Every structure is written in structure tokens, then in C-alpha cells.
Trainee: 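Let me give you the structure first, and then I'll get to my questions.
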Amino acid sequence: NAGVTQTPKFQVLKTGQSMTLQCAQDMNHNSMYWYRQDPGMGLRLIYYSASEGTTDKGEVPNGYNVSRLNKREFSLRLESAAPSQTSVYFCASSETLNTEAFFGQGTRLTVV
Amino acid sequence: DQQVKQNSPSLSVQEGRISILNCDYTNSMFDYFLWYKKYPAEGPTFLISISSIKDKNEDGRFTVFLNKSAKHLSLHIVPSQPGDSAVYFCAAGPYNQGGKLIFGQGTELSVKP
């Protein structure tokens, strides 16, 4: 009964380093999302994938890339991390774009 | 330019009483609205949704009201329970662009025994 699984849960990066956040869902959902949450702000959409093979920019895509590896997996890559990317990152999935999303537990990323 | 606003960062309510959480939006294209609940160190969980063809949707103790003319929605929890203590986010977007939801900043609800 895993739902949406994100790895890692915590990560500290130095400015300029790269890393990939992994996300997998076992609900056979078509759509997947990456959000970031900053203190005092709501969740902001970084990228989403309506279905396998498609990806689109959200509200705050700069500095990120995504890959929809297959129906289950959607990864988020930071090519050159910046302190402004310090945040909590949430992956989510939904059956379609118009249904409620199920979220993972989040990845707390600190860039120093 | 915050298109979805939750103006109360926190709310404290006595157990058994009603909790009312408010949310305002500015974009008249928004016609799909959701509430999520979030406990510390967990991801948000879906609570209830409403589309613009309705003005009310109920699910057990939770009711969402939508006032389209005022661009305002509210979540009522009756009766409130200590386990309801969490951060509540409203989210809104155009249904035909589902997934591109805009979230409010959240309201932290504390239900005291």
C-alpha cells in the first residue's frame, strides 16, 4: 500500500552540485507532478506530466528538468543547485489531470 | 500576484465546535477547487473538492461552500476534533487544465480538547 514514494527524504547539496529526486507511484495513475513548498507559501507546481511520454512546465520550472521514465516514475533533476532551491519537494500523482492528487512524503533539500 | 489567498495563517477552535477556514481567489477562469490537509513531515492528503457548477459539497463532517460571485470558498468542519489539527490548503484551477492548480499559503488549524 505504498502510494507515492519519494527518495531521498533528506539531502544537503553544495551550490553547483547536481542531483535527481526520484518518485514512483503504484496506483497506475496517468498524471504526475512535482511541487515545491517554501515557508509561508503554498505548494507551487514545478513540472507535471499529463500522461506517459509528456511533460509540461508549471509555475516555477526554471532551474529544473524532469523525466517521465515510464508510467510509474517521474524524476526531477537539479543540474546546478542554488541556495534558492532550498525547499521541501513533493511528488504527486492522479488518475487524470482532473482528479485529486495523492502526494508523497516529501524531500527536504538544503543547498548551502 | 497571489491568485489564491488564505488570509488567516492560523485558527484555534475548541473541540466539538465548528471550524471555518476561508480561501479567496482572483482568477475568474478557476472552476475547480480542492482542500488538502497536511500533517507535519507528511505530504498533503486530499480532503474534498467542488466544481463551479455547485455551491456546496458535503463529505461527513466536512463541507465546502463556494461563492462564485465573491470568488470565495470556505471549508466547514463540524464537529471539530483534536485529530483535525493540521495545516489546510485550498487549491484552485481551471478544470480543463487540471493539474495546474494554484495553492493558497495554508491555514494551521489547532483544535483544543
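Because the structure is a prediction, the values reported are computed rather than measured. Computed over heavy atoms, backbone and side chain alike; hydrogens, waters and symmetry mates excluded. The sequence lines fix the lettering, A, B, ..., with proteins before strands; numbering per chain opens at 1.
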Trainee: Calculate, to the nearest 0.5 Å, the distance between atoms CG and OH belonging to B:Leu101 and A:Tyr48 respectively.
Mentor: 10.5 Å
Trainee: Tell me which of these, A:Gly106, A:Gly58, A:Ala101, A:Ser31, has more heavy-atom pairs under 4.5 Å with chain B than the rest.
Mentor: A:Ala101
Trainee: Using atom types as modelled, flag every donor-acceptor pair under 3.5 Å from a side chain in residues 17-24 of chain A to any protein atom, sequence neighbours excluded.
Mentor:
residue, atom, partner, partner atom, Å
A:Gln17, OE1, A:Lys14, N, 2.7
A:Ser18, OG, A:Arg77, NH2, 3.2
A:Thr20, OG1, A:Arg77, NH1, 2.8

Trainee: Heavy-atom cut-off 4.5 Å, strictly under: side chain, backbone, both or neither for A:Phe102 against chain B?
Mentor: neither
Trainee: Specify the closest pair of heavy atoms between A:Asn98 and B:Tyr32, including all atoms of both residues, with the distance to one decimal.
Mentor: O-OH, 3.1 Å
Trainee: Looking at CE of A:Met41 and CD of B:Gln105, how far apart are the two atoms once the value is rounded to the nearest 0.5 Å?
Mentor: 8.0 Å
Trainee: Answer with side chain, backbone, both or neither: which region of A:Gln37 has an atom nearer than 4.5 Å to a non-hydrogen atom of chain B?
Mentor: side chain
Trainee: Measure distances from B:Ala41 to the heavy atoms of chain A and classify the residue's part below 4.5 Å as side chain, backbone, both or neither.
Mentor: backbone
Trainee: For residues B:Phe89 and A:Gly42, report the shortest heavy-atom separation together with the two atoms involved.
Mentor: CE2-CA, 4.1 Å
Trainee: Could you look at A:Glu59 and say if it's the side chain, the backbone, both or neither that has a heavy atom under 4.5 Å from chain B?
Mentor: side chain
Trainee: Which region of A:Thr96, side chain (C-beta onward) or backbone (N, CA, C, O), has a non-hydrogen atom less than 4.5 Å from a non-hydrogen atom of chain B, or is it both or neither?
Mentor: neither
Trainee: Go through the steps to decide whether A:Phe103 and B:Phe46 satisfy the test side-chain contact (heavy atoms from CB on, under 4.5 Å), and finish with yes or no.
Mentor: CA-CA 9 Å; A:Phe103 284 80; B:Phe46 169 73; over 6 Å; no
Trainee: Return the CG to NZ distance between A:Leu43 and B:Lys38, rounded to the nearest 0.5 Å.
Mentor: 8.0 Å
